[in-house]
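Before anything else, here's the structure in question.
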Amino acid sequence: MTPATAHPGLDAVILDYNGVIGLQPTTDQWLRLARAALWPEDDLPSFQNVFWNARPAYDAGQLSDLAYWAQVLGHHPGARRLRELRDADTDMWTTVDDRVVDILHDLHRAGLVMVMLSNAPRHLGDVLDRQPWRRLMTQTLYSARLQVCKPDPTAYQHALHATGAADPRRVLFVDDRADNCHAARRLGLRALHYTGRPTGLTAALQPAA
């Protein structure tokens, strides 16, 4: 089955992971990570702030696990604490939205090419590639492996190449961040700003009348 017969008008879908396939972390998961960092639990917002401030370089593969957590904590953690931090961090991002996975199964059965493009550090990418839903993807691309994060145009060009599609207008990009969607549109891709409603994703995937 060719992409055209699988879905008239659409050759491929490029999907973000976190906030689309994967669910956002719960407060309990954030607190577990803060405890592993020996951070005061009553000051979770400040922990999240330093966590995210150092994240772009980590996601882009510019920082090792140790260097990232040293920036977050302000000192180098020991080997045991580093493992605890990495495990708790990874755990936050591995819960999937079963409703979205069901849609991916439908698309896979229809023969539509699916590529995942995620801003994620190397270890998380390794873990995600061992998840059962990974087999639904033609390819998974992670920023740490690409050495570039969305919304840099280079990240989208890698993903578009992975789909094999000749025309970006026949590729749908799905992401929970508006800035990432704007960047995709500037490159000629269709884009869906996903807000957690699987019905919106289903509607965007419907062939045009």
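Every heavy atom of this structure was used, including side-chain atoms; hydrogens, water molecules and symmetry mates were not.
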Review point. Salt bridge between Asp106 and Arg109, side-chain N to carboxylate O under 4.0 Å?
Key: yes

Review point. With under 30° as parallel and over 60° as perpendicular, where do the rings of Tyr68 and Phe51 fit, or are they tilted in between?
Key: perpendicular

Exercise for review: With sequence neighbours excluded, tell me which residues meet side chain to side chain contact (heavy atoms under 4.5 Å, CB included) with Pro56.
Suggested key: none

Review point. Just checking, any donor-acceptor pair under 3.5 angstrom between side chains of Tyr58 and Asp65?
Key: yes

Exercise for review: Decide yes or no on salt bridge (Lys or Arg N to Asp or Glu O under 4.0 Å) for Arg177 and Asp175, but give the supporting numbers first.
Suggested key: CA-CA 6 Å; Arg177 288 183 49 169; Asp175 199 291; 5.5 Å; no

Exercise for review: Any salt bridge (charged side-chain N to carboxylate O under 4.0 Å, His left out) involving residues 116-130? Give me the pairs, sequence neighbours left out, ordered by first then second residue.
Suggested key: Asp126-Arg145, Asp129-Arg134, Asp129-Arg145

Exercise for review: Kindly check if the number of other-residue, nucleotide or ligand heavy atoms within 6.0 Å of NE2 (His161) is above 12?
Suggested key: no

Check your understanding: Would Ile21 and Met137 count as a side chain to side chain contact (heavy atoms under 4.5 Å, CB included) if you check the C-alpha gap in whole Å, the side-chain angles of each, and the deciding distance to 0.1 Å?
Key -> CA-CA 12 Å; Ile21 301 172; Met137 300 291 153; 3.8 Å; yes

Point to revise | Minimum heavy-atom distance between Ala37 and Leu73, given as atom pair plus value | key: CB-CD2, 3.6 Å

Practice item. Ignoring hydrogens and angles, tell me if any N or O in the side chain of Thr138 forms a donor-acceptor pair with the backbone of Val113 under 3.5 Å. Key: no

Review point. So which of Asp152, Thr154, Leu117 actually passes side chain to side chain contact (heavy atoms under 4.5 Å, CB included) with Leu146?
Key: Leu117

Review point. Is His193 reaching over with its side chain to a backbone N or O of Asp176, donor-acceptor style, under 3.5 angstrom?
Key: yes

Exercise for review: Indicate yes or no: at least one non-hydrogen side-chain atom of Leu187 is less than 4.5 angstrom from one of Pro168.
Suggested key: no

Check your understanding: Where does the angle between the aromatic ring planes of Trp30 and Trp93 fall among parallel (under 30°), tilted (30 to 60°) and perpendicular (over 60°)?
Key -> perpendicular

Exercise for review: Using distance alone, with no hydrogens and no angle criterion, decide if Thr26 and Asp28 have a side-chain donor and acceptor under 3.5 Å apart.
Suggested key: no

Review point. Quick one: side-chain hydrogen bond (donor to acceptor under 3.5 Å, both in side chains) partners of Asp98, sequence neighbours excluded?
Key: none

